[in-house]
Amino acid sequence: MNLVITILAITATLSAVLALVSFWLPLMTPDAEKLSPYECGFDPLGSARLPFSLRFFLVAILFLLFDLEIALLLPLPWGTQLPSPTDTFLLTAAILILLTLGLIYEWVQGGLEWAE
């Protein structure tokens, strides 16, 4: 019981010290650029009815798609311990082939080109 109280006291003290240091450490002189909101490269003080870049939207969707790939492949090391690891390999290969075909399609269609 004494060990638990000691660990909790050390944890609380360390947390409080780190919280206080984080308030004192940074410089408190923000300029206008740091105080302005940043919204995907658009001017926050301009008109809200500007046309939205479809290319930016496509790149964001592609990023989310390939970021989701990591989440789908994350349990793969544990999947090899299942009774039939061949099924795990086939499902993983299917996911990777589908994503590769999607990437090739976007590449051929010119969706990955930044400059025109």
Side-chain angles (χ1 to χ4, degrees):
M1 187 69 175
N2 197 11
L3 180 64
V4 173
I5 293 174
T6 305
I7 290 174
L8 287 176
I10 290 172
T11 305
T13 305
L14 186 61
S15 298
V17 167
L18 289 176
L20 289 174
V21 168
S22 72
F23 283 116
W24 290 329
L25 196 58
L27 297 174
M28 293 295 188
T29 55
D31 56 350
E33 287 293 323
K34 287 187 178 182
L35 291 176
S36 69
Y38 179 73
E39 297 290 337
C40 305
F42 296 120
D43 182 21
L45 302 176
S47 173
R49 301 289 181 218
L50 292 175
F52 187 73
S53 171
L54 187 60
R55 188 166 306 278
F56 175 79
F57 180 73
L58 265 176
V59 170
I61 292 296
L62 283 173
F63 173 75
L64 288 175
L65 178 71
F66 287 103
D67 195 35
L68 181 65
E69 171 196 2
I70 300 300
L72 290 174
L73 296 178
L74 189 62
L76 184 61
W78 293 280
T80 59
Q81 299 173 2
L82 292 175
S84 60
T86 307
D87 293 341
T88 305
F89 174 73
L90 290 175
L91 290 173
T92 303
I95 290 173
L96 290 176
I97 288 171
L98 183 66
L99 287 172
T100 304
L101 290 175
L103 179 64
I104 291 170
Y105 177 76
E106 283 293 326
W107 197 335
V108 169
Q109 293 295 320
L112 300 176
E113 296 176 9
W114 286 97
E116 295 182 16

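A quick note: this is a predicted structure, and the numbers were derived from the prediction, not measured.
- Thr11 pairs by the side chain to side chain contact (heavy atoms under 4.5 Å, CB included) definition with Ile7, Ser15, not counting sequence neighbours.
- Residue Leu91 holds its CG atom at 11.0 Å from CG of Leu73, rounded to the nearest 0.5 Å.
- Distance check: Glu106 CD to Ile61 CD1 gives 10.5 Å after rounding to the nearest 0.5 Å.
- Residues Leu82 and Asp87 form no side-chain contact, since every pair of their non-hydrogen atoms from C-beta on lies 4.5 Å or further apart.
- Tested against Ile95, the residues Ile97, Leu98, Leu99 include a single side-chain contact (heavy atoms from CB on, under 4.5 Å) partner, Leu99.
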